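Note on naming: letters A, B, ... go to the chains in the order of the sequence lines (proteins, then strands), and numbering restarts at 1 for each one. Computed from a predicted model, the values in this text were never measured in an experiment.
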Amino acid sequence: MSTVPEKPTLDNIETKWMDTWRTQGTYDFNRSATRDAVFSVDTPPPTVSGSLHMGHVFSYTHTDTVARFWRMRGKSVFYPMGWDDNGLPTERRVQNYFGVSCDPSVPYVPNLQPPFRGDPPKNHTPVPVSRPNFIELCEELTAQDEQVFEDLFRRLGLSVDWSLLYTTIEDRSRRTSQRAFLRNLARGEAYTQEAPTLWDVDFRTAVAQAELEDRERSGAYHTIAFHKSDGSGDVLIDTTRPELLPACVAVIAHPDDERYKPLFGTTVRTPLFNVEVPVLAHPLAQIDKGTGIAMCCTFGDLTDVIWWRELQLNMRAIISRDGRLIAEAPHGLTDETGISHYNALAGKSAKQAQTAIADMLASSGEMVGEPRPITHPVKFYEKGDRPLEIVTSRQWYIRNGGRDAELRDALLARGAGLTWHPDHMRHRYSNWVEGLNGDWLVSRQRWFGVPIPVWYQLNEHGEVLHESPLVPNESHLPIDPSTDVPEGFTEAQRGQPGGFIGDPDVMDTWATSSLTPQIAGKWEDDNDLFARVYPFDVRPQGHDIIRTWLFATMVRSHFEHKTAPWSNAALSGWILDPDRKKMSKSKGNVVTPVDLFEQYGSDAVRYWAAGARPGVDTAFSEDQMKVGRKLATKILNVTKFVLGFGDADESVAPTEQVDCAMLHRLAAVVEECTTAFEAFDYARALERTESFFWWFCDDYVELVKTRAYSEDSPEGSLSARIALRRALSTLQRLFAPLLPFATEEVWNWWQTGSVHQAQWPTSAELTASISTSPDEALLNSVCTTLAIIRRSKTEAKVSQRQGVDMASITASAEAARAITAGWIDIANAGSVAQWEIAISENAEIAVVVTLAPVAQ
RNA sequence: GGGCGUUUAGCUCAGUUGGCUAGAGCAUCUCCCUUACAAGGAGAGGGUCGGGGGUUCGAGUCCCUCAACGCCCA
C-alpha cells in the first residue's frame, strides 16, 4: 500500500506494474488446483515471422479480460502463450536472413556457421544445409522475434503465465505432434495413398482443401471439334483449358441431356492427337454450361478427379510438378501426327501450351470461331500466385469425415456441443464439415516443419514399400527420419536395396497447431497437469480459421481423447480501418501497437478493444482510445478525491437513503457484469460499469461531497464516506479486467495486494447490513431536480457555483418524498439557500429557480 | 446456388424473454477557470430505428417479404 500521490498520472504505470506483476508472479498458474477450480485458455500462438498488429491487440485483449475475470472469481487460470514458428513464412525468412537453403540430403554439421547473419548480397547463391541445421537456424532467428512479441504482450497487460510458454517447433511440440500422428496411424486414422492431389507448382507442395481459395480470373471458352469414331460428324466441346486436350480420357454429358443421349456408349476421337475416348454420362456435367458436354482430362479440376474415380477412366497425366507439360507424350497417345503435335508442346508451361494449342487447333480447322473471354473462379493455394494444378503423388492423410459419413456426423455433433461466442459462428463449422469432399492431406513437400516420423523399407530392387512404414518407439520422439535410423538398421543401409529410406515430407503446419491443447497442457509429458486443464474452457480465435485450426483441433482431440478439446469457442472479429475497409499495410494506414501504447496508454488501447462486442468487425478508432484514456484518468482522480475524505469503517452500514440507493444501483451493475463476463461478454460488462461510473462521478459524488466533508452531521458524513469507499472498491474491481494498469495503480493507494488477485465484487458485500430496499425512483427524482437547477444556471449563463436564493419545486407526492429525503445533498450541490415544494398529482418535477444576484 | 450476419442521430455503436418520451460516445453549438479532474465540467440541438406488409392493447424488438452491404460454403 502506498499513499495517494499529489498529482495522479498514468505516465509510466505500464512499466511499473509489468515489473511488479513479473516479480510477484501475479498471474502464475496454481497447478495444485483441480480441474473444476481451473479456467484454461487454448491461446492462439501467433506466427512469429510477421509482426504483431492491431488485430492481435484487439482479440488478445478480449481473451485477457475474461481470463482476469475468472482469476478474480477464484479460479486458477491456465493462460499460456505459444509462438507459431513452424512453417513456410519462417522458412522463407531464414533463407533470406542467413543465405542458406534446406537440403535434407546434406549431412548434419555441428556448430554450423551460416554464411551471413542478415542481408546476404543479392548475387549470393544459397548454401545447402541439412534439415537439422536449418531448424537450428530457424530457432535462432525466431528467438529474437519472440522476445519482441513477449515485450509487446506484456506491455498490453496480458495476464499470461509466461512460464508456460511453448513454441511449435521446439522438441516437445515436435514430439507431441509426432506422437499424435503415430497414434492416428496405429488406429488407422492416418494413412498414405497415391492419389490426385491439388498441387502448387511454385511451392512444389501438395495443398489441403482447407488451404484453397477461389479467385476470379479471366479465361476463354474454346470450342473444339471432337470427331465421332463412326465418322458421322463432330461433337463440339467448350473448354477453358484446351492445353489439357492431350490428357483427355473421356467426354461427359448429363444423363438427362437429350442432345447427347444417343452418343452415350460410343466413342469420339480427340482433335490433333487422335486418341479414342468414350462418351459417358454423369450428373455433374452441367447442361447449361457451354455446349453441355465436357472433356474430362487427368486432371484439370476436381470434377475431373471425381469422374476419373467414379467412371474408372484411364490416367493420362501431362502436367508435371513444376507446372510444365511432361517431356514424353503420355500413355495412350500413339498416333504419329499426334505425337509430333505433343512434342511441340512438351516443356511448355500450361499458359504457353494453351496459346500454342489454340494456334494448332485453329490451323487444323478444329476450333470453331474465336476463343470467347469469360471470368470464372479458379482454385489457388491461399499463399500462392499461380492456379493450382492436380498431380498424382503419394501423400499422408488423416481422416476427417470427408469420406466417412459416420465420422462426419460425430464431428458435427462435437461442433454442435460447443458453446459458440457469438452463437451464429456454429454455422461456419457445420457448413465446412458438411462440404468436405476428402480426407485431410497432412504431408507437405517442405523442410521446416515437423517431419512425418516414419521410414520405409526398400526391397531387394530398391523399391519403396510404402504400405508398411517403419515407426519409431514413442520414447525416441522427436525424430527426423532424414538423419535418424529406424531400429534394426544402420545408417549405411539408407537408400540401399534391402535397407530403408526416411519419409522426406513434413506435416502441414495445422497438423501441429491442431494439438495446441495437448502441447500447452503437456499431454503425456505431464499427464497430471494435462488432467487439470483438459478439456480447456475456451478456444479464442479468428473466425477465418474455423475450417482449419478449430476444425483440425476438433479432429485430433476427437480421435485421441474422445472429447471436444474445449467447451467454448470465442471468435473475434476483424479490425477495419476507419473507412470500414480491412486494414492493410499497402495503404499506409497501419499504426503500430507500441506507438499507440505510448500515445494513449495500454489501458486506453484495451478500452477500445473491449468496447467491441464479441465477434463483431470493428473500426480502428483512436477517438475511442482518447475516451479510454479519459476514463483511466478519471479513475485516478476520483480515487484520489474519495480517499481524501479519510478512512471510514466500511463494515458500518450507511444510513442516508441516497447512499443506500446508490449502493443498490451499483449492486445491480455487479450482477449484470458478472453474468456478462460469464458469457464472455466483456463489452457489456465494460458498458455497464462505465455508464454507472460516469453517473457516480458526475452526479452522486457531486451530490454527497459536501455532506462527506461536513462536520455538522457526523452520521450523514460517515454514511457518505462509507458508501463512497464501498463503491470505489467495487468499481476498481469491476474495471480491473478491462483496465488492469490504472486499477492496479489506484488499488495500491489504499489496499494491500494486487487488485487482480482480489475477489470479484458481489452485490451482497455492497448492500451488507443496509436495511433499505433498492430505490431507483429516489435517485431519479433527486438527480432530475439537480439537473434542472444546473440547466437553469447554464441557460442563465452563470457559473454552476452561483447561489440560488429560492428553488420552488412542483412534484408528485412520491417524488416530493424523494426530493425531501435527498434535499440536503441537492441544496449542497446546487448551492440552494431556500426551497419550497408543492404537491401536484401527475406532475413531472418542475423547479422555478431564483438565482442570487451576481456579485460584481 | 446454399448458409450466416449487418442495416438505429453527421460518424461509431448500445438497445437481453415485446412495455416509460428510442440511448451513449465522438463530432457540432452554448455556457462555466468549479479546491479531485480544463488532457475538466454543466447543458443544447440532432433519429418516421433500410422499404413494405402482418401479429398485438402496445413492435427498433416477433412473423412474412423486398432491398443494399459484408462474410462463409459449394
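- A salt bridge does not link A/Glu672 to A/Arg684: none of the charged nitrogens lies less than 4.0 Å from a carboxylate oxygen.
- Between the CG atom of A/Asp617 and the P atom of B/rC71 there is a distance of 9 Å, given to the nearest Å.
- Surrounding CD1 of A/Ile824 are at most 12 heavy atoms belonging to other residues, nucleotides or ligands under 6.0 Å away.
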Per-nucleotide protein contact string for nucleotides 23-35 of chain B (B base, S sugar-phosphate only, - none; heavy atom under 4.0 Å): --SS---SSS-B-

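- One interatomic measurement links the two molecules: CG of A/Asp214 to C1' of B/rA74, which rounds to 9 Å at whole-angstrom precision.
- Partner assigned to B/rA24 is B/rU12, using Watson-Crick or G-U wobble distances below 3.5 angstrom.
- Taking side-chain N and O atoms only, A/Arg790 has no distance below 4.0 Å to OP1 or OP2 of B/rG41.
- Among the protein residues, A/Glu672 comes within range of the nucleic acid bases, having at least one heavy atom under 4.0 Å from a base atom.
- If you check B/rU16, B/rA44, B/rA14 against the side chain of A/Glu687, the one that comes closest is B/rA14.
- A/Asp698 and A/Arg790 are not joined by a salt bridge, as no carboxylate oxygen comes within less than 4.0 angstrom of a charged side-chain nitrogen.
- Closest approach to the A/Asn637 side chain among B/rA36, B/rA14, B/rU12 is made by B/rA36 (side chain taken as heavy atoms from C-beta onward).
- The separation between A/Glu795 atom CD and B/rG43 atom P is 11 Å, rounded to whole Å.
- Comment: A/Glu671 does not engage A/Arg688 in a salt bridge, judged by the lack of any side-chain N to carboxylate O separation of less than 4.0 angstrom.
- As rounded to the nearest Å, B/rU34 and B/rG41 have P atoms that lie 15 Å from one another.
- Of the C1' atoms belonging to B/rU16 and B/rU28, the separation is 33 Å, rounded to the nearest Å.
- Annotation: B/rA38 and B/rA59 have their C1' atoms spaced 45 Å apart (nearest Å).
- Between A/Asp238 and A/Lys289 there is no salt bridge, since no side-chain N of the basic residue sits under 4.0 Å from a carboxylate O of the acidic one.
- For B/rU61, there is no paired base (Watson-Crick or G-U wobble, both distances below 3.5 Å).
- Note: NE2 (A/His376) to P (B/rA74) measures 18 Å, nearest angstrom.
- Taking for each of A/Pro8 and A/Ile788 the nucleotide of RNA chain B with the nearest heavy atom, the 5'-most of the two is the partner of A/Pro8.
- Salt-bridge check for A/Glu213 with A/Arg215: passed, with a basic side-chain N closer than 4.0 Å to an acidic carboxylate O.
- The side chain of A/Asp698 lies closest to B/rG41, out of B/rA14, B/rA74, B/rG41.
- Spacing between B/rC11 and B/rG5 at atom P, rounded to whole Å, works out to 25 Å.
- Annotation: B/rU21 and B/rA36 have their P atoms spaced 39 Å apart (nearest Å).
- At a threshold of 4.0 Å, the pair A/Arg399-A/Asp404 does not count as salt-bridged, since none of the basic side-chain nitrogens sits closer than that to a carboxylate oxygen.
- Figure legend: cation-pi geometry between A/Arg547 and A/Trp510 absent, as NZ or CZ is not positioned both under 6.0 Å from the six-membered ring centre and within 45° of its axis.
- B/rU6 is paired with B/rA68 under the Watson-Crick or G-U wobble criterion, all donor-acceptor distances under 3.5 Å.
- A/Ala787 comes within 4.0 angstrom of sugar-phosphate atoms only, judged by non-hydrogen atoms across all strands, and of no base.
- Remark: B/rC33 base-pairs with no nucleotide in the shown strands. Criterion, Watson-Crick or G-U wobble with two distances under 3.5 Å.
- For the P atoms, the distance from B/rG10 to B/rU55 is 32 Å, rounded to whole Å.
- Ranked by how close their nearest RNA chain B nucleotide is to the 5' end, A/Arg547 and A/Val616 are led by A/Val616.
- When rounded to the nearest whole Å, the span between OH of A/Tyr700 and P of B/rA36 equals 16 Å.
- Pairing of B/rG45, defined by two Watson-Crick or G-U wobble distances under 3.5 Å, is not identified with any nucleotide.
- A heavy atom lying under 4.0 Å from RNA chain B marks the following residues of residues 416-431 of chain A, by number: A/His424, A/His427, A/Arg428, A/Asn431.
- At whole-Å resolution of the value, CD in A/Glu434 and P in B/rC73 are 13 Å apart.
- Using a cut-off of 4.0 Å between Lys/Arg side-chain N and Asp/Glu carboxylate O, A/Glu211 and A/Lys383 are scored as not salt-bridged.
- In this entry the distance linking CG of A/Asp681 with C1' of B/rA14 reads 11 Å, nearest Å.
- Rounded to whole Å, the separation between the P atoms of B/rU8 and B/rC69 comes to 15 Å.
- On the C1' atoms, B/rA9 is 23 Å away from B/rA67, given to the nearest whole Å.
- Side chain of A/Arg606 to backbone of A/Pro737: a donor-acceptor contact under 3.5 angstrom is found.
- Side-chain contact between A/His543 and A/Asp617: present, with at least one pair of heavy atoms (C-beta onward) separated by less than 4.5 Å.
- When the side-chain nitrogen and oxygen atoms of A/Gln802 are compared with OP1 and OP2 of B/rA42, none of them lie within a distance under 4.0 Å.
- Taking atom NZ of residue A/Lys289 and atom C1' of nucleotide B/rA74, one finds them 13 Å apart after rounding to whole Å.
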Show me, pair by pair, the donor-acceptor contacts under 3.5 angstrom made by side chains of residues 624-637 of chain A, not counting sequence neighbours?
from     : atom 1 : to       : atom 2 : distance (Å)
A/Arg629 : NH1    : A/Tyr600 : O      : 2.9
A/Thr633 : OG1    : A/Arg629 : O      : 2.9
A/Asn637 : ND2    : A/Thr633 : O      : 3.3

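- Between A/Arg684 and the phosphate of B/rA14, there is no side-chain N or O to OP1/OP2 separation shorter than 4.0 Å.
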